[in-house]
Undergrad: 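The structure's right below; bear with me while I get my questions together.
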Amino acid sequence: MSFAMFSPTAGEPEVTPLPLGRYRKSEALLRKAQRLIPGGHHLSGRPLLTPETSPMYMERGEGCRVWDVDGHEYLDYIGAYGPCLLGYAHPVVDAAAIRQIRNGALLSLNHPLHVAFAERLTELLTGGEMAAFFKTGSEATTAALRVARRATGRRKVVRCGYHGWHDWCLPGEPFVPEMGEQVLSFDPRRSASLSEILQQHPHEVAAVIVAPEMILPTSQAVFAQLVEATHRAGAVFILDEVKTGLRIRPGFFQQYVGIVPDLTTLSKALGNGWPVAALVGSRAIMEHGAGLHISATYHGETAGIAAALATLDIVQQEDVCGHVWRLGEMLIDGLNHLAVFHGIPAKAYGEPLPPMPFLRFSVRDPELTQALENTFYSELYVAGILFHPRHLWFISYAHRMGDIERTLEAADKALRVTAERHGAELARGLSP
């Protein structure tokens with residue numbers, strides 16, 4: 001379905017009354033969790049909306065669908081925050097991991113799969129000559145900086161984007177050690193920002209690490225300039241493809257924009273839900289990882305590696321990247337069409353490209369923005385569509401055109417309800 005074929009509905013909206021206690025079991029589990037788990041949530045820190053208006057506990061997932069503990073089914077666009085590129089519980093990937101578990105997933109010494117995995121990763125990326133493996137994206141990015149520091153003999157790093165939960169990723173927070181002089185940030189909205197920082201700290205910066213989804217709109221020229229500025233300063237350029245790896249055609253963001261990073265970090269989609277991460281790069285940089293303390297007990301665990309190898313087989317043999325790109329474009333175009341039709345100040349876009357879509361409401365008043373989001377998303381949840389209101393979404397290979405059609409139909413109704421409920425506030429000129 002082209003979005004142009006979709007006919008949004010007009011007229012009086014039929015507001016879906018939220019059933020009393022729709023998320024009753026979720027709420028009960030949250031109350032118990034708040035006594036046992038700091039904050040009550042293991043991920044994301046807070047509910048999608050409120051405990052009364054959004055699900056919080058999922059029981060199972062299959063393909064692009066999940067079921068919450070209250071028995072409601074959803075078309076899921078969160079994808080466990082990115083890992084499930086092929087869909088939940090993919091039979092081929094899971095079977096590969098389970099076979100490996102039966103052979104002993106964690107052994108005392110090296111395993112042949114370690115070599116096979118490193119070989120496969122270096123074949124995938126131009127400039128990839130050596131690889132190391134981890135369990136999470138945070139570990140991979142932290143290891144990348146450690147290797148870069150040893151390779152250059154420098155300490156400072158410049159970052160742009162989210163790179164994990166470790167201390168260096170949150171240098172300004174009061175709960176981490178002081179490292180403001182060691183970890184610097186450049187402004188992705190200003191193309192000269194990186195060069196200015198590098199000039200202010202000559203011969204001091206070990207690495208520049210960039211999460212590509214932070215630099216919008218995506219520009220091949222801008223990324224080429226970032227690499228050039230980094231190398232001119234004698235620093236290592238690290239591309240953090242934890243989110244984008246395997247889902248941006250032809251497979252990696254760096255291939256799309258035509259750059260060759262010194263180091264690349266991977267995780268999320270790499271194991272399709274099984275914990276695995278990797279650092280891949282040039283021999284000249286990566287060889288400095290020899291003897292460097294970047295190992296941990298579970299880094300050599302092989303079930304995740306087996307899952308990753310099976311995932312890579314599917315991504316390379318089937319049109320995974322093309323599929324998620326096309327459906328992402330369809331969803332973005334359809335949402336923009338509906339927002340205009342219903343007079344809602346909102347913009348859908350790829351963050352950074354179509355397989356990773358998002359919708360942002362653009363009003364000046366933060367309270368009205370929150371009200372618009374609460375109405376729109378709570379309506380979608382009742383309709384069985386799971387979007388995240390604050391985090392980019394992910395299209396999976398398990399989604400089909402009919403799923404996008406159903407999603408746009410639900411979004412049509414949700415936007416009609418939003419326009420009706422908040423039309424007077426919007427009319428008062430609070431939107432730009």
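Treat the numbers as computed from the prediction; the structure is a model and nothing was measured.
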Undergrad: Would you say the side chain of Y377 lies within less than 4.5 Å of the side chain of L48, judging by non-hydrogen atoms?
TA: no
Undergrad: Check for a donor-acceptor pair, side chain of E301 on one end and backbone N or O of Y298 on the other, with a separation under 3.5 Å.
TA: no
Undergrad: Between the side chain of S193 and the main-chain N/O of F186, is any donor-acceptor distance below 3.5 Å?
TA: no
Undergrad: Nearest 0.5 Å, please: how far is CZ in F394 from CG in D76?
TA: 11.0 Å
Undergrad: What heavy-atom pair brings A211 and G161 nearest, and what distance separates the two atoms?
TA: CB-CA, 4.1 Å
Undergrad: With no hydrogens and no angle check, is any side-chain donor or acceptor of R155 less than 3.5 Å from a backbone partner on Q182?
TA: no
Undergrad: Parallel, tilted or perpendicular for H114 and F133, by the 30°/60° rule?
TA: tilted
Undergrad: Do other residues, nucleotides or ligands put more than 12 heavy atoms under 6.0 Å from the CD atom of E181?
TA: no
Undergrad: So, for C169 and G164, which heavy atoms are closest and what is the spacing to 0.1 Å?
TA: CB-O, 3.2 Å
Undergrad: Would you say the side chain of H163 lies within less than 4.5 Å of the side chain of W168, judging by non-hydrogen atoms?
TA: yes
Undergrad: Side chain of S362, backbone of P345: donor and acceptor closer than 3.5 Å?
TA: yes
Undergrad: Does a donor on one side chain and an acceptor on the other come within less than 3.5 Å for Y57 and E59?
TA: no
Undergrad: Could you measure the distance from the CG atom of L106 to the CD1 atom of I101? Nearest 0.5 Å is fine.
TA: 11.5 Å
Undergrad: Can you name the nearest heavy-atom pair linking P177 to D167, along with the distance?
TA: CD-OD2, 3.2 Å
Undergrad: Any side-chain heavy atom of F237 sitting closer than 4.5 Å to one from V260?
TA: no
Undergrad: Less than 4.0 Å between a side-chain N and a carboxylate O, is that true for D365 and R428?
TA: no
Undergrad: Kindly indicate whether the side chain of R249, heavy atoms from C-beta on, has any atom under 4.5 Å from the side chain of V320.
TA: no
Undergrad: Atom CG of L338 and atom OG1 of T418: how far apart are they, to the nearest 0.5 Å?
TA: 11.5 Å
Undergrad: Are there more than 12 heavy atoms of other residues, nucleotides or ligands under 6.0 Å from atom CD of E62?
TA: no
Undergrad: Hey, what do you get for CD1 (I385) to CD (E379), rounding to the nearest 0.5 Å?
TA: 12.5 Å
Undergrad: Does H399 offer a backbone N or O that forms a donor-acceptor pair with the side chain of H323 under 3.5 Å?
TA: yes
Undergrad: Looking at every non-hydrogen atom in both residues, tell me the closest pair between P357 and I332 and how far apart they are.
TA: CB-CG1, 3.7 Å
Undergrad: Keeping R154 on the side-chain end and V205 on the backbone end, is there a donor-acceptor pair under 3.5 Å?
TA: yes
Undergrad: Just checking, is any N or O donor in the side chain of H111 or T302 under 3.5 Å from an acceptor N or O on the other one?
TA: no
Undergrad: With distance as the sole test, does W393 use its side chain to make a donor-acceptor pair with the main-chain N or O of H388 at under 3.5 Å?
TA: yes
Undergrad: Less than 4.5 Å apart, any side-chain heavy atom of D319 and any of R326?
TA: yes
Undergrad: Hey, does the side chain of T375 reach the backbone of L372 with a donor-acceptor pair shorter than 3.5 angstrom?
TA: no
Undergrad: Can you name the one residue among L239, L198, L226, V227 that meets side chain to side chain contact (heavy atoms under 4.5 Å, CB included) with V208?
TA: L198
Undergrad: When you compare the side chain of V276 with that of F117, does any pair of heavy atoms fall below 4.5 Å?
TA: yes
Undergrad: Side chain of R149, backbone of A206: donor and acceptor closer than 3.5 Å?
TA: no
Undergrad: So which of E73, M58, R65 actually passes side chain to side chain contact (heavy atoms under 4.5 Å, CB included) with L386?
TA: M58
Undergrad: Check whether any side-chain heavy atom of D313 sits under 4.5 Å from a side-chain heavy atom of R120, and report yes or no.
TA: yes
Undergrad: According to side-chain hydrogen bond (donor to acceptor under 3.5 Å, both in side chains), does anything in residues 252-273 pair up with another residue at least two apart or in another chain? List the pairs.
TA: H231-D262, D240-T265, E241-Q254, Q254-T264
Undergrad: Distance alone, cut at 3.5 Å: any donor-acceptor contact between the side chains of H72 and Y23?
TA: no
Undergrad: Can you see which heavy atom on S191 is nearest to which on Q225, and at what distance?
TA: CB-OE1, 4.5 Å
Undergrad: Think R400 forms a cation-pi with Y397, using NZ or CZ under 6.0 Å from the six-ring centre and within 45 degrees of its axis?
TA: yes
Undergrad: Does C64 reach the side chain of S396, with side-chain heavy atoms less than 4.5 Å apart?
TA: yes
Undergrad: Mind listing the closest non-hydrogen atom pair of R406 and G384 along with its distance?
TA: NH2-O, 3.4 Å
Undergrad: Could you grab the distance from atom CG of L392 to atom CD1 of I78, nearest 0.5 Å is fine?
TA: 10.5 Å
Undergrad: Between the main-chain N or O of D70 and the side-chain N or O of K25, is there a donor-acceptor pair closer than 3.5 Å?
TA: no
Undergrad: Just wondering, are more than 12 heavy atoms of other shown residues or ligands nearer than 6.0 Å to CD in E123?
TA: yes
Undergrad: I'd like to know whether the aromatic ring centres of H299 and F134 sit less than 6.0 Å apart in this structure.
TA: yes
Undergrad: To the nearest 0.5 Å, tell me how far L353 CG sits from T218 OG1.
TA: 4.0 Å
Undergrad: Would you find more than 12 non-hydrogen atoms of other residues, nucleotides or ligands less than 6.0 Å from R189 atom CZ?
TA: no
